[in-house]
Amino acid sequence: MSRYSISPHDPRYEVIVGWDPPMQTLFGQVFVTTVADDDTACVLWVGLEVQALTTVAALQDALQAYATLPAAVVAQLEHDQASTSPPSALQVRLLRWLRDTSPSLG
């Protein structure tokens, strides 16, 4: 899994992005920096579901109110995603099970 901190539009926030190979999704998290409790501080978390965000453009759209992805991070995320090994047989079965059991995944 990769994880990068990027500059937010508003300094009250911390923005984290990355690639989650097992879930085959990009993700983004936005935290309020003035709140100590992570559950309360997290104001946005996208990419929680299997293949929720499969393009960097989709990740940028989801985070547009909080940050703009720098070109270097875009390149790194695209590299992380492209260099991921194909899922193992066990991962394929787990992903299938997650899709079948999650009401929000169809």
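Position 1 is the first residue of the sequence; numbering continues from there. Keep in mind that this is a model prediction, so the values were computed, not measured.
- Applying the ring pair (Phe, Tyr, Trp, His ring centres under 6.0 Å) definition to pairs two or more places apart or across chains, none involves residues 40-60.
- Residues Thr25 and Gly47 approach most closely at CG2-O, 3.2 Å, considering heavy atoms.
- Side chain of Gln60 to backbone of Ala57: no donor-acceptor contact under 3.5 angstrom is found.
- With a 4.5 Å cut-off on side-chain heavy atoms, Pro8 and Val30 do not count as touching.
- Shown here are the side chain to side chain contact (heavy atoms under 4.5 Å, CB included) partners of Ala58, two or more places apart in sequence or in another chain: Leu53, Thr55.
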**OP:** Given side-chain contact (heavy atoms from CB on, under 4.5 Å), test Val56 with Leu26 step by step and report yes or no.
**Re:** CA-CA 7 Å; Val56 175; Leu26 294 153; 4.1 Å; yes
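- For Gln51, the side chain to side chain donor-acceptor pair (under 3.5 Å) criterion is met by Gln24, Arg99, not counting sequence neighbours.
- Nearest heavy-atom pair across Ser7 and Ala67 is O-CB, 3.5 Å.
- The ring-ring contact (aromatic ring centres under 6.0 Å, His included) check on Phe27 picks up nothing, with sequence neighbours excluded.
- Contact annotation: the side chain of Ile6 approaches that of Leu69 to within less than 4.5 Å [non-hydrogen atoms, C-beta and beyond].
- Residue pairs meeting the salt bridge (charged side-chain N to carboxylate O under 4.0 Å, His left out) criterion with at least one partner in residues 5-33, sequence neighbours excluded, are Asp10-Arg12.
- If you take OG on Ser88 and CG on Leu95, they are separated by 8.5 Å, rounding to the nearest 0.5 Å.
- Scanning for side chain to side chain donor-acceptor pair (under 3.5 Å) contacts around Thr84 gives Trp19, with sequence neighbours left out.
- Pairs passing the ring pair (Phe, Tyr, Trp, His ring centres under 6.0 Å) check and including a residue from residues 57-91, sequence neighbours excluded, read Tyr13-Tyr66.
- Under the 4.5 Å side-chain heavy-atom criterion for grouping Ile, Leu, Val, Met, Phe, Trp and Tyr, Leu90 is not connected to Trp97 through any hydrophobic cluster.
- Shown here are the side chain to side chain donor-acceptor pair (under 3.5 Å) partners of Arg3, two or more places apart in sequence or in another chain: Gln29.
- Residue Val92 is found outside any hydrophobic cluster, as its side-chain heavy atoms come under 4.5 Å of no other Ile, Leu, Val, Met, Phe, Trp or Tyr.
- The salt bridge (charged side-chain N to carboxylate O under 4.0 Å, His left out) analysis of residues 61-82, with sequence neighbours excluded, yields no pairs.
- No donor-acceptor pair under 3.5 Å is formed between the side chain of Gln64 and the backbone N or O of Leu59.
- Not counting sequence neighbours, the partners of Thr34 by the side chain to side chain contact (heavy atoms under 4.5 Å, CB included) test are Val32.
- In this structure, the side chain to side chain contact (heavy atoms under 4.5 Å, CB included) partners of Ala62, at least two apart in sequence or on a different chain, are Val46.
- No continuous path of hydrophobic side-chain contacts links Leu48 to Leu63 [ILVMFWY only; heavy atoms under 4.5 Å].
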